[in-house]
Amino acid sequence: MKPFFITTAIDYTNGAPHIGHAYEKVLTDVIARYQRLAGRDVFFLTGVDQHGQKVQQSAEKAGIAPQEYVDQITAKFRALWQKLGVDYDGWAATTEASHKACVQTILQRLHDEGQLYKAKQSGYYSVRQEQFLTEKERGPDGNFGPEWGEVILVEEENWWFKLAEHKQWLLDLLDRRPELVVPSFRLAELRNAVAKLEGDLCISRPKSRLTWGIELPFDRDFVTYVWFDALVNYISFAPGYDAAAGADLTEFKRWWPAVHVIGKDILVPAHGVYWPIMLKAIGFSDDEIPQLLVHGWWNISGEKMSKSLGNVIDPDVLADKYGAAAVRYYLVADITTGKDADFSEERLIQRYNVDLANSIGNLLNRTLNMAAKYRNGVLKQSLEGGLKERAEFFVQAYAPAMEEFQINAALEKALGLAVEANQFVEQTKPWALAKAGDDAALDAALYHLAETLRILAILLSPVLPQAARGIWDQLGVSGEFRLADATWGGLPDGHQLGKPVPLFPRIETPASE
RNA sequence: GCCAGAGUAGCUCAGCGGUAGAGCAGGGGACUCAUAAGCCCUUGGUCGGGGGUUCGAUUCCCUCCUCUGGCACCA
C-alpha cells in the first residue's frame with residue numbers, strides 16, 4: 001500500500017498560536033492517526049515558517065537576534081502541540097541548513113531551466129504586505145490605505161519566475177484532476193483565480209532591504225521571497241529527500257505526493273497557483289502534484305477572529321481548562337471539514353458532557369459495574385445476535401467518512417454505536433436478568449457491551465488516543481489495535497475485565513449546578 | 001463589480017424532486033447497572049422574499065435581499 005504523506009501549513013513565527021492554528025494541526029493529526037489505524041505507513045509533517053521581514057522587524061523591536069526571536073515563538077508552538085497530543089513525524093523549520101540547501105537547489109534548477117529572469121521595477125512598496133503596490137492599490141483620496149502599513153518608494157532590480165507561462169497547463173490539470181482540491185467548491189474558486197492569472201512572480205528581495213532570508217545561489221545580493229521559501233518545506237523536510245547533487249530520491253518518490261492541509265486563506269494564490277507551477281517547472285509530473293485539503297475557519301460569535309477585535313481564543317488556556325481530549329474532540333466534531341464554524345466555549349463543554357461523559361464514559365462505567373457486580377468481571381464470549389451486527393454496521397460506515405476527511409461524520413458513527421449500546425442496556429436490563437437468575441442472557445448482554453466498547457475505542461482512537469487507551473485499560477486488554485481489529489469477537493472467552501473509573505469526568509459549570 | 005459559499009426548529013447543523021430531519025436546549029414519563037448519567041414519549045419550522053419548470057420543489061431555473069470568503073475596481 002502506498003504510504004501516506006500529510007502536511008500542515010507551517011505557521012508564521014510572528015505571534016503566539018491561536019485556535020485556528022490548533023484546529024489545523026489537530027485535524028491533520030486525526031487524519032494521520034486514522035491512516036495509521038487503517039494500516040498505512042504515515043509521515044506527518046508540520047513546522048514553522050521563520051523568515052521574512054515581519055520577523056526581522058519584530059526581533060529588532062524586541063532587541064534580540066531574529067533566530068533567538070523565532071526560537072522563542074517556535075517553542076510555544078511545539079509545547080502546544082505536545083499538550084494537544086499532535087504527534088508529528090517531521091518538524092519543518094525554515095531556518096535549518098538542510099532546508100536552505102533545498103531551496104537553493106530548486107532555485108538553481110529553475111535558473112538553469114530558464115524559468116527565472118532579472119528585471120527592474122520601481123514603485124511603492126508595502127513593508128507589511130511585503131509586496132509592490134500598483135496604482136490600483138491607491139485609495140479614493142490618492143493615498144495608500146492603512147491596510148498596507150508603511151509604504152516606501154523603492155526602485156530595484158529583482159528576479160522573476162515565469163508563472164504566466166504555465167497558466168494553461170494548470171487550468172487543464174484542474175479540469176483533469178478535480179480531486180486535487182477538497183472540498184469541491186474551493187476548486188471552483190481556484191479555477192476562477194487561475195483563469196484571471198497574469199504576470200509573473202517576483203521571487204527575490206534585495207539584501208539591502210531584507211537580510212533575514214535565504215540567499216539566491218546565483219545572485220548573492222538577494223534573498224528569496226517568503227512564499228518561495230516556505231512552500232519548499234514540503235519537499236525539503238519530506239521523508240527520503242536529500243538536496244545533495246545526484247542523491248538517491250527513490251524513497252522520496254515513494255512518499256510523494258503529499259496531502260497538504262491548509263486554511264482557505266492560503267489556497268489562492270500560494271498553494272493553488274504558485275506551488276503546483278513551481279513543481280511543474282522543476283520537473284514534477286502531473287501525477288506528482290499534491291492534493292489540497294482546504295479547511296474553514298472558526299469564527300467567534302459570527303465574527304472573524306482577530307487581534308484587533310480582541311476575540312482571539314488561546315488553545316493553550318483552553319487545554320489547561322478542559323483537557324486536551326475535550327479540545328481535540330470539539331475541534332473536529334463541531335465543524336464540517338472545509339466549512340467555517342462558530343466557536344463557543346459553552347458548546348465545547350456541552351459536547352464533551354453529552355457525547356463523551358454521558359454517552360460513552362457512562363456506557364463504559366455502567367458496563368463494567370454490572371459485570372463486576374453480577375459476574376466478578378468475567379466474560380463469556382457471545383458471537384451472535386445482540387449488538388454484533390450494529391457494531392459491524394457502524395464500523396463500515398465510519399471508514400469511508402474518515403477516508404473523505406469528514407471527521408465529524410465519522411464521529412457521528414462512533415457515537416451512534418454508543419447510543420445504540422445504551423439502548424441495548426435498557427432493552428436487556430441486565431439487573432433484571434441477574435435478579436431472575438438468567439445467567440445465559442446476562443452473560444451474553446455483558447459480552448456484547450464490553451466488545452462494543454472495545455470496538456468503539458478503536459473508532460475513537462484517531463481523535464482521542466488517550467481515552468481509547470483508557471477504555472482498553474479498563475476493559476483489561478493491552479496492545480495496539482488497528483481498524484482491522486474492529487471485528488466482532490476480539491475479547492476472548494473467560495476474559496477478566498478491569499475496574500471501572502470515570503473516563504470523562506463531567507465538566508461542571510456554574511450554570512449546571 | 002466578478003466568482004464562490006451560506007441563509008432549514010430557540011441554538012449548531014444535516015438533507016437537496018415525492019406531503020420537513022438530527023443533536024443540544026424546553027416539557028412529560030417509566031426505570032435504577034451507571035459519571036443525577038441512560039432510556040421512552042413530546043413541544044417547536046409557511047426550509048431568506050418573489051417568480052418559474054414540474055403531477056409535485058426545501059431540493060432544479062430566474063430574480064431580489066442578507067451574511068461570509070476570494071479576486072478586481074475605486075478616472
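Just so it is clear, the model here is predicted, and its values are computed rather than measured. Each chain gets a letter, A, B and so on, in the order its sequence line appears, and its residues count up from 1.
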Inset, instruction - Give a yes/no on whether any side-chain N or O of A:S344 is located under 4.0 angstrom from OP1 or OP2 of B:rC11. - result: no

Inset, instruction - Taking only the side-chain heavy atoms of A:M370 (C-beta and beyond), determine which of B:rC33, B:rU35, B:rC13 contains the nearest atom. - result: B:rC33

Legend entry - More than 12 heavy atoms of other groups within 6.0 Å of A:D175 CG: yes

Legend entry - N/O donor-acceptor pair, side chain A:E189 with base B:rG70, under 3.5 angstrom: no

Inset, instruction - Examine B:rA37: is either OP1 or OP2 under 4.0 Å from a nitrogen or oxygen in the side chain of A:R506? Give yes or no. - result: yes

Inset, instruction - Would you mind checking if A:K264 and A:E189 are paired as a salt bridge, meaning a charged N to carboxylate O distance below 4.0 Å? - result: no

Legend entry - A:W297, nearest nucleotide to its side chain (from B:rG69, B:rA4, B:rC33): B:rG69

Inset, instruction - May I ask you to decide if the ring planes of A:Y274 and A:Y225 are parallel, tilted or perpendicular, using 30° and 60° as cut-offs? - result: perpendicular

Legend entry - Under-4.0 Å side-chain N/O to phosphate OP1/OP2 contact, A:K339 with B:rA14: yes

Legend entry - Phosphate contact (B:rC40 OP1 or OP2) by A:Q423 side-chain N/O below 4.0 Å: yes

Inset, instruction - Report the nucleotide, chosen from B:rC33, B:rU35, B:rG70, that has the shortest atom-to-atom distance to any side-chain atom of A:V268. - result: B:rG70

Inset, instruction - Answer yes or no: does a side-chain N or O of A:N358 lie under 4.0 Å from OP1 or OP2 of B:rG38? - result: yes

Inset, instruction - Classify the nucleic acid contact of A:L368 as base, sugar-phosphate or nothing, counting any heavy atom under 4.0 Å across all strands shown. - result: nothing

Inset, instruction - Return one dot-bracket line describing RNA chain B 5' to 3' (Watson-Crick or G-U wobble pairs, both distances under 3.5 Å; ( ) same strand, [ ] crossing, | another strand, . none). - result: ((((((((.[[[[.)..(..]]]].((((.........)))).....[[[[[..)....]]]]])))))))....

Legend entry - Base B:rA34 paired with A:N362 side chain (donor-acceptor, <3.5 Å): yes

Legend entry - Short side-chain to backbone donor-acceptor contact, A:K280 and A:H166, under 3.5 Å: no

Inset, instruction - Please state whether the rings of A:H18 and A:H21 are parallel, tilted or perpendicular, taking 30° and 60° as the class boundaries. - result: tilted

Legend entry - Proximity to the side chain of A:D334 - top-ranked nucleotide from B:rC24, B:rA34, B:rU12: B:rU12

Legend entry - A:D172 and A:Q168 side chains, donor-acceptor separation under 3.5 Å: yes

Inset, instruction - For this output row, return yes or no: ring centroids of A:Y330 and A:W298 closer than 6.0 angstrom. - result: yes

Legend entry - Rounded distance in Å between the C1' positions of B:rG7 and B:rC13: 12 Å

